[in-house]
Protein chains: 2
Amino acid sequence: MSDVAATGISVLLVDDHPIVRQGYRRVLESQGDLHVVAEADNAADAYSAFKAHDPDVVVLDISMPGASGLEAIRNIRARSPRARILVFTMHNEAVLVKAAFGAGASGFVTKSSEPSAVVNAIRSVARGERAMSDDIAHILAEDSLSPTGSVLDQLGEREIEILRQFAGGATTEEIATHLNLSVKTVQNYHYLIKTKTGARTDAQLVRLAATCGLTKI
Amino acid sequence: MSDVAATGISVLLVDDHPIVRQGYRRVLESQGDLHVVAEADNAADAYSAFKAHDPDVVVLDISMPGASGLEAIRNIRARSPRARILVFTMHNEAVLVKAAFGAGASGFVTKSSEPSAVVNAIRSVARGERAMSDDIAHILAEDSLSPTGSVLDQLGEREIEILRQFAGGATTEEIATHLNLSVKTVQNYHYLIKTKTGARTDAQLVRLAATCGLTKI
DNA sequence: TTGCAGCTCGGGCAAATTTCCCAAGCCGGA
DNA sequence: TCCGGCTTGGGAAATTTGCCCGAGCTGCAA
């Protein structure tokens, strides 16, 4: 990590698609000061690659739906709190952004950003600054103005877990079994989640979970 | 299009994320024989870029859930039936693959493929051959062995319409009103669709509709 | 032409689920 | 300590599902 200005910025690239990784690698290395020292295609490998290479910045581009992205952030930060992690994803839900920063990310950039914005974000993060793309800033700004907050953060941990499993296609009984709860309790959560989120339909619930990155489709 | 061997292969890149596009561009151009002559980030632009540049191959990487990807394929093929289109996406549903080929795609490669597989697919498609990545071939093979066929084409027109509205978040009553049907009829369709598709849950139904491009999320 | 097959539309009725309302234990903060 | 929020579930009415049924229509094929 030492002298960034002199040695350039070492980057660990995490993305589950090989070609995408190769593409990013070329874009980043064409900048001169950015060097991709390792790649990974899943959370576990990302963690071991981080331990092995101690990069200045981790660019995390996993599809994110599962909590695996957040877990990867937490794992890395738990090991080395000075790690700089830039989340780079196509998702732009306020909840997800907040969750990422809460888990310890230093930056959040969407794929719709210009390449220059991305490399600048990497440099900012490497300097220890917080970074986010314009669209993310707007989304967070909107979110902070809305009195309701952002749909999902009005849900408790248990509610989120049940919503995730439900949106994943599990039946009420299956969820009850998984979580060792009474069917009645799961039914009540189901109802509670619907009223809290304002979803009138199971389908709306699934869409909500999907747009929030709670589940992938 | 003329002499591919001598002039190389001209490529139109369609993807909604600029950095992803730039990454692909670099990967492709490093091959020597592949030249990215234009880029587009949506279906409409893809069509006009195609008209303007008449590329040998269109590499189409839109996120695809919406039908816009299929429409882009149909539009381009309608204008010039000899167009070669290689779909390049993270989705790997058999229905989607079939739909893409049905719409006139020449190839289908997933993002989990190796970069070499992708560039080889582009070359194959440019030669007029059909191309698909190994995982897609397996998925189609599996699908062809399943007696059920491809999930959605066992549904009637009305069933598909009701599934679309349902997955879009409409209640049973709303659907009945929209289509001027009895609530009971819609309920019966709902049930029928579930049994036909094998979905045990409304959530699974929504996911099915989404992966089939019936609804976007 | 007849007849079969499949789609569309809905009734009926028991079983299951959802919808609300309520209560109790637990825990963290004021 | 007390309040508020999370978690866990019971109860009962209302609604929906699951499944079976019939009827009208269309197209296709014998």
Side-chain angles (χ1 to χ4, degrees), chain A residues 67 70 95 98-99 102-103 146-209 212 214, chain B residues 95 146-209 212 214:
Chain A
L70 298 178
V95 232
K98 287 186 185 177
S146 84
T148 64
S150 96
V151 194
L152 269 204
D153 47 33
Q154 56 190 317
L155 296 183
E157 199 176 317
R158 211 77 220 227
E159 291 162 333
I160 293 211
E161 179 56 29
I162 287 176
L163 173 55
R164 183 204 313 278
Q165 295 201 22
F166 173 75
T171 68
T172 309
E173 284 110 311
E174 287 167 352
I175 298 177
T177 305
H178 296 158
L179 301 182
N180 213 267
L181 290 177
S182 144
V183 171
K184 184 63 196 180
T185 301
V186 178
Q187 288 178 338
N188 276 335
Y189 271 115
H190 187 351
Y191 170 68
L192 237 192
I193 295 169
K194 273 209 225 175
T195 55
K196 277 194 180 180
T197 59
R200 281 153 42 244
T201 291
D202 285 352
Q204 294 179 7
L205 224 43
V206 176
R207 302 170 67 84
L208 187 87
C212 290
L214 236 192
Chain B
V95 229
S146 84
T148 64
S150 99
V151 193
L152 268 204
D153 46 34
Q154 56 189 319
L155 296 183
E157 199 176 317
R158 211 77 219 224
E159 290 162 334
I160 293 211
E161 178 56 30
I162 287 177
L163 173 55
R164 183 202 316 277
Q165 295 201 21
F166 173 76
T171 68
T172 308
E173 284 109 313
E174 286 168 352
I175 299 178
T177 305
H178 296 159
L179 301 181
N180 215 268
L181 290 177
S182 145
V183 171
K184 184 64 195 178
T185 302
V186 178
Q187 289 178 337
N188 276 335
Y189 272 116
H190 188 350
Y191 169 69
L192 239 192
I193 295 168
K194 274 209 228 175
T195 55
K196 276 195 181 181
T197 60
R200 282 152 42 244
T201 292
D202 285 353
Q204 295 178 5
L205 224 44
V206 177
R207 301 169 67 82
L208 188 88
C212 290
L214 235 191

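Chain A is the first sequence line, chain B the second, and so forth, proteins listed ahead of strands; every chain is numbered from 1.
- Between A/F166 atom CZ and A/I193 atom CD1 the span is 8.5 Å, to the nearest 0.5 Å.
- The two residues B/A167 and A/A203 come nearest to each other via the heavy atoms O-CB, 4.1 Å.
- In this structure, A/I160 places its CD1 atom 15 Å from C1' of D/dT7, rounding to the nearest Å.
- If you measure from atom CD1 of B/I175 to atom C1' of D/dT16, you get 14 Å, rounded to the nearest angstrom.
- Neither OP1 nor OP2 of C/dT19 sits under 4.0 Å from any side-chain N or O of A/Y191.
- Residue B/I162 forms a side chain to side chain contact (heavy atoms under 4.5 Å, CB included) with just one option from B/L192, B/I175, B/L155, B/T172, and that option is B/I175.
- Within residues 178-187 of chain B, the residues that have a heavy atom under 4.0 Å from DNA chain C are, in order of number, B/L181, B/S182, B/K184, B/T185.
- Between A/L155 atom CG and D/dG5 atom P there is a gap of 15 Å when expressed in whole angstrom units.
- Minimum atom distance to the side chain of A/K196 is reached by D/dC6, of the listed D/dC6, D/dT8, C/dC7.
- Across the protein-nucleic acid pair, B/D202 atom CG and C/dA16 atom C1' stand 14 Å apart, rounded to whole Å.
- Between the CD atom of A/E161 and the P atom of D/dC6 there is a distance of 17 Å, given to the nearest Å.
- Across the protein-nucleic acid pair, B/H190 atom NE2 and C/dT18 atom P stand 11 Å apart, rounded to whole Å.
- In this structure A/Q165 satisfies the side-chain hydrogen bond (donor to acceptor under 3.5 Å, both in side chains) test together with A/E161, A/H178, sequence neighbours excluded.
- Here B/L205 contributes atom CG and A/D202 contributes atom CG; the two are 10.5 Å apart, rounded to the nearest 0.5 Å.
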Sugar-phosphate or base contact per nucleotide [nucleotides 23-30 of chain C; S, B, -; heavy atom under 4.0 Å]: --------
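- With rounding to the nearest 0.5 angstrom, the CD atom of A/E159 is 13.5 Å from the CZ atom of A/R164.
- From one end of the helix from C/dT1-D/dA30 to C/dA30-D/dT1 to the other, with five pairs defining each end axis, the axis direction shifts by 30° (rounded to 10°).
- Here the side chain of A/T171 pairs a donor or acceptor atom with the backbone of A/E174 at under 3.5 angstrom.
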Enumerate donor-acceptor pairs with a distance under 3.5 Å from any side-chain N or O in residues 179-186 of chain B to protein atoms, sequence neighbours excluded.
{"residue": "B/S182", "atom": "OG", "partner": "B/K184", "partner atom": "N", "Å": "2.9"}
{"residue": "B/S182", "atom": "OG", "partner": "B/T185", "partner atom": "N", "Å": "3.4"}

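- Listed nucleotides D/dT7, D/dT17, C/dT8 differ in distance to B/K194; the shortest reach to its side chain belongs to D/dT17.
- Atoms CD1 (A/I193) and P (D/dG5) sit 18 Å apart, rounded to a whole Å.
- At a cut-off of 3.5 angstrom, the base of D/dG18 holds no donor-acceptor pair with the side chain of B/N188.
- Listed by chain and number, the residues in a ring pair (Phe, Tyr, Trp, His ring centres under 6.0 Å) with B/Y189 amount to none (sequence neighbours excluded).
- Counting to the nearest Å, the C1' atom of D/dT16 and the CZ atom of A/R200 are 16 Å from each other.
- Between A/E173 and A/T195, the residue anchored closer to the 5' end of DNA chain C is A/E173, taking for each the nucleotide with the nearest heavy atom.
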